[in-house]
Amino acid sequence: MNKFEQLGLNESLLKAINDLGFENPSEVQEKAIPLLLEKDTDIVALAQTGTGKTAAFGFPLIQKIDPDNKNTQALILSPTRELCLQITNEIKLYSKYIKGINTVAVYGGASITEQAREIKRGAQIIVATPGRMQDMINRGLVNISKIDFCILDEADEMLNMGFYDDIVNILSTSPDDKSTWLFSATMPQEVARIAKEFMRKPLEITVGHKNSGSSTVSHEFYLVNARDRYEALKRLADSNPDIFSVIFCRTKRDTQAVAEKLIEDGYSAAALHGDLSQAQRDSVMKSFRGRQIQMLVATDVAARGIDVDNITHVVNYQLPDEIETYNHRSGRTGRAGKLGTSIVIITKSEIRKISAIERIIKQKFEEKTIPSGIEICEIQLLHLANKINDVEIDHEIDSYLPAIYEVMKDLTKEELIKKMVSVEFNRFISYYKKNRDLSTQQAGERRESTSREGGSSDGAVRYFVNIGSRDNFDWMSLKDFLRDTLGLGRDDVFKVDVKEGFSFFNTDGEHTQVVLDTLNSMHLEGRRINVEVSKNEGSSNRRRDHNGRSGGGNFGGGSFGGGRGGERSGGGFGGSRPPRTAGGDSRPPRAAGGGDSRPARRSDSSERERRPRRS
């Protein structure tokens, strides 16, 4: 039985819900839908982005609309054109079996006369951005004096974007006896003021803690020197081969500069900011949704309203000026119950902001160190091995196989594997062995658990295990799983790094036998767990000197056995590419998801200093 049937929705809506494949309502839907159907009331619903708020107000709204009355009965305000169009499309899908309901989107950048014409034909529901809606009211092109419902979606976003006066004017034009439904991720003072002035004893629905972050998002920060911020970003991308991310910068100038550097260095990236035309913006978003772009570099304003599934990481290249905005950034990942990671690249002068954000989101950050070159090589090689293992064979190559077998007839299986991975390994190793460690002194005293990793890990052992995010783990849940399974203390498992088909973690050396004996005898959902001590001494036993700085790792071999990784389009490692090697040899242009990118270029710090800065 579909659980939506228990919420009081009519047959037409349930039929549409069934077509969409919805089975279990989210928490905000379970709380809001019966309440809004039962009575005419004002509500304030606080829930994170990506928790199903559109359906939470959309279903009861549609059920309360009179399709035989062509007058405007409901106004939905949203912060951006993208979100406006998204809500409009969803309302149309929800109401497709109800004859006579017409929903019109009203937003800037399109013909205002055409939008007015559509409303005049009869639009029971208008979905609008505040600026365009105020413009239409001022011109007398729309009449909302008799609406029954007004919904403010992403209210805190609209107010952060400076729409307070427009919202006040719009609400003042609407009738006092309407029902006002306010949906917001956070409850800043401006939102509370709107609720106090224009709502009548609103009922409050809270999903999670007020202003808190999503429970499906893990938060981590990396402490670097200011000059190393961009190099740190590249290494984080290289250490997450399947990254599909939004990278936030404060300004349009920085957004464009970072995107251009990434493209020059062979990454599939693009910029999204206010200086782009609407056509350029639409093109970028189409490529991002199609995964031709893996790394979307954006300003906060430009990214508002982005609703793209399966974003794996949000990267705060720079923290926002208003730390409350962090909640909206991190809400781009970990949606619809899936796991996501929010990363902050931070300098010592900004470290105090981490504690301030923790108080807002009611969650703790884990401090991590930027991966070393050998760690990245090991991760990329394991990713390549998993990808080869999972690839489907195209039998169009069969006619070429006899010639290939002849060329390789004298190679053993072991030699063939070594040569194959060396093609990739040699390129990464030749780049990364020339680059210094980016680790800086840890925040240390900020909390005991973070200094655990940097200060007392002498004798630590690093492990490879063949479970990862495809098994529904993030670093927090995997750490808890390992700790509970092994019977260890809270801080005995540390430096947990989760990839798609495999992960790494550390314990002190005294626990090694317990780790190997316990995990290697276990199965997870029918698949045998395989754990090995990583051969990479650089990642497992890095010591810190008396200044807290990490010593370099040696570039020995890694552990290349284990789990099954995910397949993704793109050549080579399937991840980011090292720039061109010193000998001039470069890897072929990368085509993540089928899109083209420029050939990779060398971008070590010395060349970056000589290269003119782009605006």
Side-chain angles (χ1 to χ4, degrees), residues 28 31-32 35-36 38-49 53-54 56-58 60-61 64-65 71-80 83-84 87 106-108 125-207 209-212 300-301 304-305 322-325 327-328 360:
V28 68
K31 290 182 175 181
L35 180 62
L36 295 175
E38 180 184 341
K39 59 178 72 174
D40 292 328
T41 183
D42 291 355
I43 70 162
V44 173
L46 300 177
Q48 286 300 303
T49 301
K53 288 182 286 187
T54 304
F57 64 75
L61 176 66
K64 290 194 167 195
I65 290 292
N71 293 324
T72 299
Q73 300 169 46
L75 170 65
I76 303 172
L77 293 176
S78 65
T80 64
L83 189 55
C84 174
I87 292 171
V106 170
Y107 53 88
I125 302 172
I126 296 175
V127 187
T129 54
R132 173 53 65 91
M133 191 63 196
Q134 182 61 44
D135 191 11
M136 296 192 76
I137 291 172
N138 292 341
R139 298 190 191 191
L141 298 176
V142 66
N143 180 10
I144 60 169
S145 63
K146 295 181 181 179
I147 62 172
D148 300 308
F149 307 96
C150 183
I151 296 95
L152 306 178
D153 190 29
E154 302 284 4
D156 49 355
E157 289 272 16
M158 289 192 286
L159 295 170
N160 284 338
M161 294 172 69
F163 287 127
Y164 179 81
D165 290 339
D166 288 326
I167 292 172
V168 168
N169 290 334
I170 292 167
L171 291 176
S172 299
T173 308
S174 63
D176 294 335
D177 61 350
K178 68 183 179 303
S179 294
T180 302
W181 305 343
L182 188 152
F183 286 76
S184 185
T186 59
M187 191 69 170
Q189 290 183 353
E190 293 84 355
V191 174
R193 195 187 317 163
I194 291 286
K196 184 177 180 180
E197 290 183 22
F198 294 97
M199 303 178 74
R200 299 163 296 161
K201 297 180 180 179
L203 302 176
E204 184 172 311
I205 294 172
T206 302
V207 175
H209 297 288
K210 187 180 294 187
N211 292 353
S212 67
D300 288 297
V301 172
R304 283 166 180 157
E322 300 292 334
I323 58 175
E324 290 82 2
T325 302
N327 221 353
H328 286 286
I360 290 174

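A side-chain hydrogen bond (donor to acceptor under 3.5 Å, both in side chains) check over residues 140-153, counting only residues at least two apart or in different chains, returns the pairs N143-S145. The ring pair (Phe, Tyr, Trp, His ring centres under 6.0 Å) contacts involving residues 156-198 comprise F57-F183, F149-W181, where partners must be two or more places apart or lie in separate chains. Judged as a salt bridge (Lys or Arg N to Asp or Glu O under 4.0 Å), the pairs with a partner in residues 128-142 (not counting sequence neighbours) are, in order, D135-R139.
Side chain to side chain, T325 and D300 fail the donor-acceptor criterion of an N or O pair below 3.5 Å.
Smallest separation of non-hydrogen atoms from T180 and M199: O-CE, 3.2 Å. A pairwise comparison of heavy atoms in S184 and K53 identifies C-NZ, 4.1 Å as the closest pair. Across every non-hydrogen atom of K31 and T206, the tightest pair is NZ-O, 2.9 Å. Pairing each heavy atom of T41 with each of I43, the nearest pair is CG2-CG2, 3.8 Å. When every heavy atom of A74 is checked against every heavy atom of I65, the shortest pair comes out as CB-CD1, 4.1 Å. The heavy-atom pair separating T72 from I147 by the smallest distance is O-CG2, 3.6 Å.
Remark: T173 engages no residue in a side chain to side chain donor-acceptor pair (under 3.5 Å) (not counting sequence neighbours). When the salt bridge (Lys or Arg N to Asp or Glu O under 4.0 Å) test is applied to R193, no partner is found at least two apart in sequence or on another chain. D166 meets the side chain to side chain donor-acceptor pair (under 3.5 Å) test with no other residue; sequence neighbours excluded.
Proximity of a side-chain donor or acceptor of R200 to a complementary backbone N or O of K178 within less than 3.5 Å is detected. At least one donor-acceptor pair under 3.5 Å links the side chain of K64 to the backbone N or O of L36.
A 4.5 Å side-chain heavy-atom check between I87 and I76 finds at least one atom pair inside the cut-off. Counting only heavy atoms from C-beta outward, the side chains of D42 and S179 approach each other to under 4.5 Å. Contact of the L159 side chain with the I167 side chain is registered, since non-hydrogen atoms from C-beta on lie closer than 4.5 Å. Counting only heavy atoms from C-beta outward, the side chains of I137 and I170 approach each other to under 4.5 Å. Taking 4.5 Å as the limit, some side-chain heavy atom of L61 sits within range of a side-chain heavy atom of I125. D165 has its side chain out of reach of Q134: every pair of non-hydrogen atoms, C-beta onward, lies at least 4.5 Å apart. Under the 4.5 Å side-chain criterion, counting only non-hydrogen atoms from C-beta, C150 is in contact with L171. Residues L77 and I151 have side chains not in contact (no heavy-atom distance under 4.5 Å, counting atoms from C-beta outward).
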